[in-house]
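Right, one structure below, let's go through it.
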Protein chains: 2
Amino acid sequence: MRGNAAFLPISTEELKAIEAFRIGTRRVEAGGTVIEEHSRSPHLYTLYTGWAFRYKSLSDGRRQILSFLLPGDFIGLQDEFAEGQTHGVEAASDATFCVFERDRLWDLFHAQPKLGYDITWLAAREEKMIDDNLVTTGRRNAGERVAMLLMHLYRRAERVGMVRDGWVPFPFNQQHIADALGLSLVHTNKTLRRLQRMGLHKIDGGWLRILEPHALEALGDYFERPLRLVPLI
Amino acid sequence: MRGNAAFLPISTEELKAIEAFRIGTRRVEAGGTVIEEHSRSPHLYTLYTGWAFRYKSLSDGRRQILSFLLPGDFIGLQDEFAEGQTHGVEAASDATFCVFERDRLWDLFHAQPKLGYDITWLAAREEKMIDDNLVTTGRRNAGERVAMLLMHLYRRAERVGMVRDGWVPFPFNQQHIADALGLSLVHTNKTLRRLQRMGLHKIDGGWLRILEPHALEALGDYFERPLRLVPLI
DNA sequence: CGAATACTTGAGCTCAATCAATCACGGTGG
DNA sequence: CCACCGTGATTGATTGAGCTCAAGTATTCG
């Protein structure tokens, strides 16, 4: 995975420190729970392969997907300080993770400040993505929301080399999209249908293809910058 | 400020490192711009006194307030890696800030890994708050949104000792609230009015008082946990 | 005493929610 | 082989929460 051009190179020493920090790997199949909502996981993870997402629910069951996770994403920092009120993480496709012990995070910072810095970077980068999602649910209408999400997911997947012939794996159903965008299932379906009929994109058999990237970017008022290299923990 | 019971104590050595990291203070009056939207600020800040908020706009002017900032909040990490697409920060009341040089952040991590760890903590804590805001705009209705916001702001202000006789300073107008909650100005007004008529809260002359905290918590399905001590950079 | 800013309220409209079927499809058990 | 599910996608009809438009009412300030 470190061969991937999306990630920052790393020194041998740092790599060793990461290896020492890691306590194993974990495999979760599609639909499986990675971190239970409301429970503070003793582990941190890096997503290694597959798709996952973070979510939170209200007590009557309404669910909001907070962000989608792709290979390289670091998981679990947020509930470092949350007393019980934490997000859940679920695998959207079959997925594999590197597992770390939360209680040893400080040791890592202490031994390798550079890796601490990298983790902060990752946290800040994720916060930026959530900022964008917040603008979406707060101020974009249905068409804009869908356009924005499709471009966002496509660009991120592209970045970590998941595109094959213009298609990226898209293991989400319409309920996922609705929950991410703060829309109802039915209205999500109608909006998706509309954009697809307009020829902007295509979703088929668990794969997504963007047909009119510029139109989608303009509609969503969302332009992903060429992303800088990202550290990989 | 370090006397405030909300903040973690700190060693003399760390304090010295922070002092060295700080390059000055800055005063911004109510309504003034702290960080311009779309411009990467060369500085990081800690809010020292007053209220501020982070926001992002769509190109047609629709604005979303991302989070509110209170004394002790660390500002500017998010655009560490953002190419141009950054949030703006504005002072809601007269406010003062400690100013740090962004380019020396890594030096700080290097010299004092503990402070790096603290900054990561702060970043994770802020991300958690944005997660909550995202649930709000995505899945709560107008009444729930307002209830949630009022309790959230009150609890946080209470925590840093801004309550006087049950009142906290509330330098926001209804447009701010609307932009934070993803509602229109008019509907925000009507909802605020409704809750106030129900006797749940009172806003008067720039001060907020919570009359029925339990009712507001129940309505908003939002229960702030007793917060742990927070590091102060 | 205007002029500007913020708040308030009513009326009507619209986007998106809800309700209610229907359809497609891949199991799976008889 | 086929009837029978269960899940997810799709579509139409209806409803409603929140939007926009339009006026009015404080309040402050030069």
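Remember, it's a predicted structure, so these values are computed and weren't measured experimentally. All chains are named by letter (A, B, ...) in the order of the sequence lines, taking the proteins before the strands, and each is independently numbered beginning at 1.
- Considering only side-chain N and O atoms, B:Asn189 lies under 4.0 angstrom from the phosphate OP1 or OP2 of C:dT8.
- Checking C:dA17, C:dC19, D:dT20 against every side-chain atom of B:Ser184, the shortest atom distance belongs to D:dT20.
- Between A:Gln196 atom CD and D:dA9 atom C1' there is a gap of 11 Å when expressed in whole angstrom units.
- Using a 4.5 Å heavy-atom threshold, the side chains of B:Gln196 and B:Lys202 count as touching.
- A salt bridge links B:Asp73 with B:Arg125: at least one charged nitrogen is closer than 4.0 Å to a carboxylate oxygen.
- What separates CZ of B:Arg197 from P of C:dT8 is a distance of 10 Å, to the nearest Å.
- Looking at heavy-atom distances under 4.0 Å, B:Leu185 makes no contact with the nucleic acid at all.
- When distances run from any side-chain atom of B:Lys190 to the nucleotides C:dA16, D:dG8, C:dG10, the shortest one goes to C:dG10.
- Here B:Lys56 pairs with A:Asp132 in a salt bridge; the nearest charged N to carboxylate O distance falls below 4.0 Å.
- For the pair A:Asp179 CG and D:dG8 C1', the interatomic distance rounds to 14 Å; values are reported in whole Å.
- D:dG8 atom C1' lies 14 Å from atom CZ of A:Phe170, rounded to whole Å.
- The side chain of A:Leu183 has C:dA17 as its nearest neighbour among C:dA6, D:dG18, C:dA17.
- The side chain of B:Asn141 contributes no N or O atom lying less than 4.0 Å from OP1 or OP2 of D:dA17.
- Residue whose closest nucleotide on DNA chain D sits further toward the 5' end, between A:Arg139 and A:Val186: A:Val186.
- Looking at heavy-atom distances under 4.0 Å, B:Gly182 makes contact with sugar-phosphate atoms alone, never a base.
- Between the NE2 atom of B:His187 and the P atom of D:dC21 there is a distance of 17 Å, rounded to whole Å.
- Using a cut-off of 4.0 Å between Lys/Arg side-chain N and Asp/Glu carboxylate O, B:Arg62 and A:Glu144 are scored as salt-bridged.
- Atom-to-atom, CZ of A:Arg62 to P of D:dA17 comes out at 13 Å; the value is rounded to the nearest Å.
- To the nearest angstrom, P of D:dT7 lies 14 Å from NE2 of A:His176.
- In this structure, B:Asp131 pairs ionically with A:Arg54, as a charged nitrogen and a carboxylate oxygen lie closer than 4.0 Å.
- Applying the 4.0 Å criterion to OP1 and OP2 of D:dT11, one finds that A:Arg193 has a side-chain N or O inside that range.
- The nearest whole Å value for the distance from the CD atom in B:Gln174 to the P atom in C:dT9 is 10 Å.
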